[in-house]
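Report on one structure; see the data block that follows.
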Amino acid sequence: MDQKLEPIVKALQEQFAATYEEFRGEVHVFVAAEQIVEALTLLRDKFDFEMLSTITASDYYPQRSPRFHVIYQLSSLAKNVTVQLRVPVNGDQPKVLTATRVYETANWREREVFDMFGIEFEGHPDPRRILMPEDTEGHPLRKDFPLGYEEPQFTFNFEEIDLRKPYAKE
Amino acid sequence: MTQIEEVNYEQYRHLVSERAFTGETMLLNMGPQHPSTHGVLRLLLELDGEVIVNAVPDIGFLHTGVEKNMEAKTYLKAEVMSDRLDYMNNLGNNLAYCMAVEKLVELDVPPRAQALRVILVELQRIASHLVWIGTFGLDLAAMSVFLYAFREREQILDIFELCSGQRMMTTFIRPGGLWRDVPVEFETAVRNFLKIFPKRVDEYEALLTKNPLFLDRLLGIGKLDAATALQHGVTGPMLRASGVKWDLRKARPYMGYEQYDFDIPVRTEGDTYARYLVRVQEFRESMKIIEQALNKLPMGPVRSDNRKFVPPPRSEIGVSMEALIHHFKLWTEGFSAPKGSVYSAVESPRGELGVYLEGDGGPKPHRVHWRTPSFSNLSVVPKLVKGHLVADLVAILASTDIVLGDIDR
């Protein structure tokens, strides 16, 4: 592990009983959903992590608990290190506390995670969808959401398929 | 005739002031089809006369589900989608994706491929900034710069066409190196460009930098301080115009950027004019990098010879049984990446372009996430435009250099 990261991971381990994994030189620290805001605050105030690069999630369907990992990628400009926090979340009614009060960029990033994975962020000031239309059903990046496709039309079934194709008609 | 639905403003109640609903201020839609939104961005503006009280960006009109689509393709085939994200920075996106794949499967890139990658992405950076300077001028009613900028951009696209046969969606950078070596004419073409371009940048500057009309529109408009920028995850020229010297090419060098001598332009004013100056300076810095890389371009292969991940060259397939097997396996089944996730970031013309790539042991990625710079950079715009005129919004939006394909993915 990068020497600059050792005290950071140690502090997280002591305060939040966090575990960590290393892969290809990157450090992924696992934090419980209730403690994520405190962990982010600690990293921002004590360890100069000025920037939250991104928030995303990963779906491990059909595994139920934890089904999702919410992933926080943090950068420190002063120390030039990065660390990743991962929050395991259960499959039914997934919920995490919002990080908008710690990093403002979390506002849009969390809206995207909500939009794509249906993970709710408690206390979010603007919990709307961000990329998909408001009336979308389901959350597209979940693994149980099918990838869409278009039926190919041939001469013999052109009209038949045309009738049920979802595009604008006069 | 299809019925046009009334916009339901109730859902924006918590984002605009109460005065909008009593009729004191006006709600106005700008976009999604508006020439100065650089794509399909809709902005809901709350206006008090001509002064902006609140701005609510509405994005997603260009959402094409790239992340979902990539999950359904093998690592090699998924790369094709990366060109289509930020359509001003195609090769940069290729590089970000390939670096993530190379990190995940531990693949080395030969030195010649690294140097060529640097030349190509720096050319792409210049091309992207050229589109920006053109449209920036266009938004501020300086029509002529656009015509000149596109003339030079054409020259860069010709170089890309020379290498890959494609002007924009090249997919030229591949995991493990490049698709193929550049042709012999490449060096002359790049050198010709380097000879002409410094004078052309001087011309743009003569047209804009000290133009009093231009200055009136820009000075002191849309001020962004460093703390707010970092809070919003703003990166790239926008962050550097706010006084933070942060460039991933210097901070975490990749592809041998540490060998090249170049500066990071920084301004402290944080206004639209500072962003303009930073980008113009970046033209010159990119040229420096290209020239150095071209001068010490090493010879050698342009693709890793790890046949488990990189397809063999065409010439081997006819004579080697193993090469044929590898070719067949790689283009049908694809290679399997280990279980685990990596995050790798590059400095795109707009800022930190990161790829989160997760493998599950199979030939398709489990999850690809694009941390796109425009997404963060746009999220700060509502703060910048408050209290400014609608005309200034156009200048501020143009100075952020957003690409909607990059935001909506």
Side-chain angles (χ1 to χ4, degrees), chain A residues 21-26 28 44 49-60 69 71 73-75 77-78 80-84 86 100 102-109 111-113 115-116 125-134 136 140-143 145-149 168-170, chain B residues 1-2 8 11-12 14-15 56-63 65 67-69 71-72 103-106 226-235 239 244-246 248 251-252 338-345 352 354 356 358 360 366-367 369-372 375-376 378-380 383 407-409:
Chain A
E21 270 176 16
E22 263 190 275
F23 184 72
R24 305 278 188 259
E26 281 180 33
H28 306 156
R44 185 193 64 181
F49 280 90
E50 305 97 329
M51 202 163 77
L52 176 63
S53 287
T54 187
I55 301 178
T56 181
S58 190
D59 184 2
Y60 297 102
H69 280 179
I71 297 150
Q73 184 74 34
L74 292 140
S75 302
L77 276 57
N80 194 10
V81 283
T82 59
V83 72
Q84 195 179 87
R86 294 176 83 101
T100 35
V102 195
Y103 296 102
E104 281 179 62
T105 181
N107 187 329
W108 279 27
R109 298 275 172 198
R111 277 177 69 190
E112 191 196 324
V113 172
D115 193 354
M116 294 298 161
D126 185 19
R128 292 179 296 137
R129 283 182 180 272
I130 190 163
L131 293 175
M132 305 298 289
E134 296 133 36
T136 315
L141 278 178
R142 286 188 172 196
K143 289 282 178 189
F145 189 96
L147 191 70
Y149 70 100
K169 294 184 183 92
E170 262 318 294
Chain B
M1 272 286 287
T2 26
N8 172 20
Q11 55 168 319
Y12 300 110
H14 61 293
L15 297 167
V56 184
D58 183 8
I59 58 174
F61 292 94
L62 273 185
H63 180 65
E67 293 177 4
K68 181 88 177 170
N69 271 315
E71 284 174 14
K103 196 170 172 186
L104 186 64
V105 300
E106 293 187 304
T228 318
L230 289 170
Q231 267 283 312
H232 279 271
V234 171
T235 46
L239 182 65
V244 183
K245 198 168 181 174
W246 180 252
L248 289 173
R252 298 174 210 145
K339 218 174 161 136
S341 68
V342 294
Y343 178 83
S344 112
E352 177 184 337
Y356 169 85
E358 184 169 340
D360 57 359
H366 178 77
R367 171 93 175 97
H369 169 70
W370 289 83
R371 185 264 180 226
T372 49
F375 191 85
S376 301
L378 178 68
S379 74
V380 81
K383 275 201 177 161
I407 294 171
D408 295 342
R409 284 159 288 155

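Naming: A, B, ... by sequence-line order, numbering from 1 per chain. Source: prediction; values computed, not measured.
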Per-residue contact mode, [X] against chain B (heavy atom under 4.5 angstrom):
X        : result
A:Pro133 : neither
A:Glu26  : side chain
A:Ile71  : side chain
A:Asp59  : backbone

Do you know which two heavy atoms are closest between A:Arg128 and B:Leu15, and how far apart they sit? NH2-CD1, 3.1 Å
At their closest point, which heavy atom of B:Gly233 faces which heavy atom of A:Thr105, and how far apart are they? N-CB, 3.9 Å
Can you tell which of A:Gln73, A:Arg44, A:Met132, A:His28 has the highest number of heavy-atom pairs within less than 4.5 Å of chain B? A:Gln73
Indicate yes or no for a side-chain donor-acceptor contact from [X] to the backbone of [Y] under 3.5 Å, with no hydrogens or angles considered.
X        : Y        : result
B:Lys68  : A:Arg142 : yes
B:Arg371 : A:Ser53  : yes
A:Glu104 : B:Gln231 : no

By side-chain hydrogen bond (donor to acceptor under 3.5 Å, both in side chains) - contacts of B:Tyr343 (at least two apart): B:Glu352
Could you check B:Arg367 against A:Thr56 for side-chain contact (heavy atoms from CB on, under 4.5 Å), going step by step and ending with a plain yes or no? CA-CA 10 Å; B:Arg367 171 93 175 97; A:Thr56 181; 2.7 Å; yes
Intermediate values then yes/no, side-chain contact (heavy atoms from CB on, under 4.5 Å), A:Leu141 and B:His369: CA-CA 10 Å; A:Leu141 278 178; B:His369 169 70; over 6 Å; no
Side chains of A:Met51 and B:Thr235 in contact at under 4.5 Å (non-hydrogen atoms): yes
Check A:Glu21 with B:Lys339, please: is the shortest side-chain N to carboxylate O separation under 4.0 Å? no
May I ask you to check whether B:Arg252 and A:Thr82 show a side-chain donor-acceptor distance below 3.5 Å? no
